[in-house]
Number of protein chains: 2
Amino acid sequence: MPLSFATDPSAGSTAEQEAYRHLLQGVREGRYRAGDRLIPEDIATEIGMSRMPVREAFRRLAADGLVLIRPNRGCVVAGLTLDEISETFEMRSVLEGLAVRCALPQMTADSFDELERLLDRMERAGAASGGDWVLRHQEFHAAIYNLSRRPKLIRQINALHVVIEPYMRIWFDYVNKPLSARDEHQGLIDALRAGDVKAAEAVMQDHILGTAALLADYASPDRR
Amino acid sequence: MPLSFATDPSAGSTAEQEAYRHLLQGVREGRYRAGDRLIPEDIATEIGMSRMPVREAFRRLAADGLVLIRPNRGCVVAGLTLDEISETFEMRSVLEGLAVRCALPQMTADSFDELERLLDRMERAGAASGGDWVLRHQEFHAAIYNLSRRPKLIRQINALHVVIEPYMRIWFDYVNKPLSARDEHQGLIDALRAGDVKAAEAVMQDHILGTAALLADYASPDRR
DNA sequence: CACTGGATCTGTGTATCCACTTATCCAATC
DNA sequence: GATTGGATAAGTGGATACACAGATCCAGTG
C-alpha cells in the first residue's frame, strides 16, 4: 500500500488526481523541500499533462497547508516554524485523544492482536530506513482511529500527520533508532486493553505531546 | 466587517479570490443549498469571469469540505448527515477546548470587558434576524480563540464553524429566540474570570456539546 | 417492462494567446 | 563602492477555442 492522502483523492478527475498524488508524495517524501518553488509549467511536463490540472492540484494542496500560493508569485512548498510544529502536535493530541475515546468501545480481542502485529511490523521497520518507520507508525495509529467511525475526524488527523511527516523523517533519520517505540506503544495497547476510556485518551495525549517534546528538543538547540 | 473565511483568502489571485468569496458566502448564507449543483459556466458569467478561476475555487471549497467534486459529474454543495453534524461538534469541542486553554493565560481585565461587550451585541442581535446572531456568536467565540496565538488552530476552528453555519442558521430561525445565550456564555466568562484553565476548558466543551445536543434534538424527530 | 443503443450534454484536459506582475541584471549616478 | 533606475526576461493569471470521454436521457426494441 502506498501513501495515504490528506484530503479525499477521489475528489477531482484523473489528471488532477495524478498531479495531486505526485505533488503530495513529493512533499511527504521530502523530494520537494520547504521553500522550493513549484512551477506549473515544469511539473506539468514532468508528469505529462497541461498546466491546468497542476494549478488545480495546487489549490487543494494549499488548503491542506502543504504549499503556499501568493498572488502573482506562484507556489512554494510550505515550511513549519518550531511554533507551528508544536501547535500541530497540540492539535493532534486533542483530536487523536478524541479518536481513541471513540474507538475504544468498538474494540474487540481481535483488534488488540492486530495492534500487536502492527507494532511488530513497526519495530522491524525501525531497524531499516527511517521513512519506512514513519509510515508503519502512521499505520499503527490509523488502525486505532479507523475504529472510531468518524470519517471527518480521521481525515483531519491524517492531514496533520502529512504536514509533519517531512519533519518526522528528518528527525528519525537523525536519531536513527526507534526511540522508545515499543515501550511507548505497548503502554498504549495496555491502556486500551484495560478498557478505561479516560485513561486511554490521556495516554494517547501524553504519547503525542511526548513526541513533540522530543522533536522540539532535537530541533531547538540545533537550528539556533 | 463581512464574513470571515475558512482558508486563507489571500491564497490565490484576484479573480479566483472573488470566485471563492462569492461561493463561500453563497454557501454560508444558504443561498446555495446542500445538493445544489454548481455549474462553472453559470457562476462564471454570474460574476463576470471565465470558468477557469471558478474551477480553481471549487477545489479550495472541496478541501474545506463545503462542496463535493465527483469525477466527471461536477460540483455539488455538500450536505452533512446528522452523524456528520455531531462529529463536527465533537471536533469543535476538543479543538475549542484547547483554544480556551491556550487563550486564558493571555487574558487581561480588558479581555473580559471586551467579551461582555460582545455578549451584549450578541444578545441584541438575537432579537433580530437569525443570521446576524450566528455571526455575532462566532465573533464572541473568535474573540477568545484569537488570544491563543495559535493561527493554525484558529483557522481549523473557523473552518468547522463555516461548515455547520448553514445548519445553525436554519436551527436558529426555527427556535427563533436566543436560547439560553446569555446564561451559557455568561457562565463561560465567569469561568474564564476565575482563571482555572482546566475548568474553563471543561465549560467550553460542555457548552459546545450542549449546543450539539439541542441541535440534534431539533433535527432528529423532525426530519425522521 | 427491462434492456439496448444512440443523441446530447457537460465535465475535463489541451493548446494557444495575451496582459500584467515580479524578478533579474546591468549600467548610470551619487 | 553602494545605490538607484530602467530595460529585459520569466512566470503568473486569465480568456478562448477545441477535442474527447463519461454521464444522462430517451426512444425504440425485444
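Here is how names work: the chains are called A, B, and so on, in the same order as the sequence lines, proteins then strands, and each is numbered from 1.
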Rounded interatomic separation in angstrom, taking [atom1] from [X] and [atom2] from [N]:
X: B:Arg37; N: C:dC9; atom1: CZ; atom2: P; answer: 13 Å
X: A:Arg73; N: C:dT21; atom1: CZ; atom2: C1'; answer: 10 Å
X: B:Phe58; N: C:dG11; atom1: CZ; atom2: P; answer: 9 Å
X: B:Ile43; N: C:dT10; atom1: CD1; atom2: C1'; answer: 14 Å
X: A:Asn72; N: D:dA10; atom1: CG; atom2: P; answer: 18 Å
X: B:Leu68; N: C:dG11; atom1: CG; atom2: P; answer: 15 Å
X: B:Ile69; N: C:dT10; atom1: CD1; atom2: P; answer: 18 Å

> Considering residues, nucleotides and ligands other than B:Arg33, do more than 12 of their heavy atoms fall under 6.0 Å from its CZ?
Replying inline: no
>> Quick check: closest heavy atoms across A:Pro166 and A:Val27, and the distance to 0.1 Å?
In response: CG-O, 3.6 Å
> Of all heavy-atom pairs between B:Glu18 and B:Ile47, which one has the smallest distance, and what is that distance?
Replying inline: OE2-O, 4.0 Å
> Of the options A:Glu96, A:His141, A:His137, which is the one that meets A:His161 in a side chain to side chain donor-acceptor pair (under 3.5 Å)?
Replying inline: A:Glu96
> What residues in residues 44-56 of chain A put a non-hydrogen atom under 4.0 Å from any atom of DNA chain D?
Replying inline: A:Arg51, A:Arg55
>> What's the closest nucleotide to the side chain of A:Ile39 if the choices are D:dG14, C:dG13, D:dG11?
In response: D:dG11
> From D:dG14, C:dG13, C:dA23, pick the nucleotide closest to the side chain of B:Ala15?
Replying inline: D:dG14
> Quick check: does any side chain N or O of B:Ser148 sit under 3.5 Å from a backbone N or O of B:Ile144, one acting as donor and the other as acceptor?
Replying inline: no
>> Within the 4.5 Å heavy-atom criterion, are B:Tyr145 and B:Met204 side-chain neighbours or not?
In response: yes
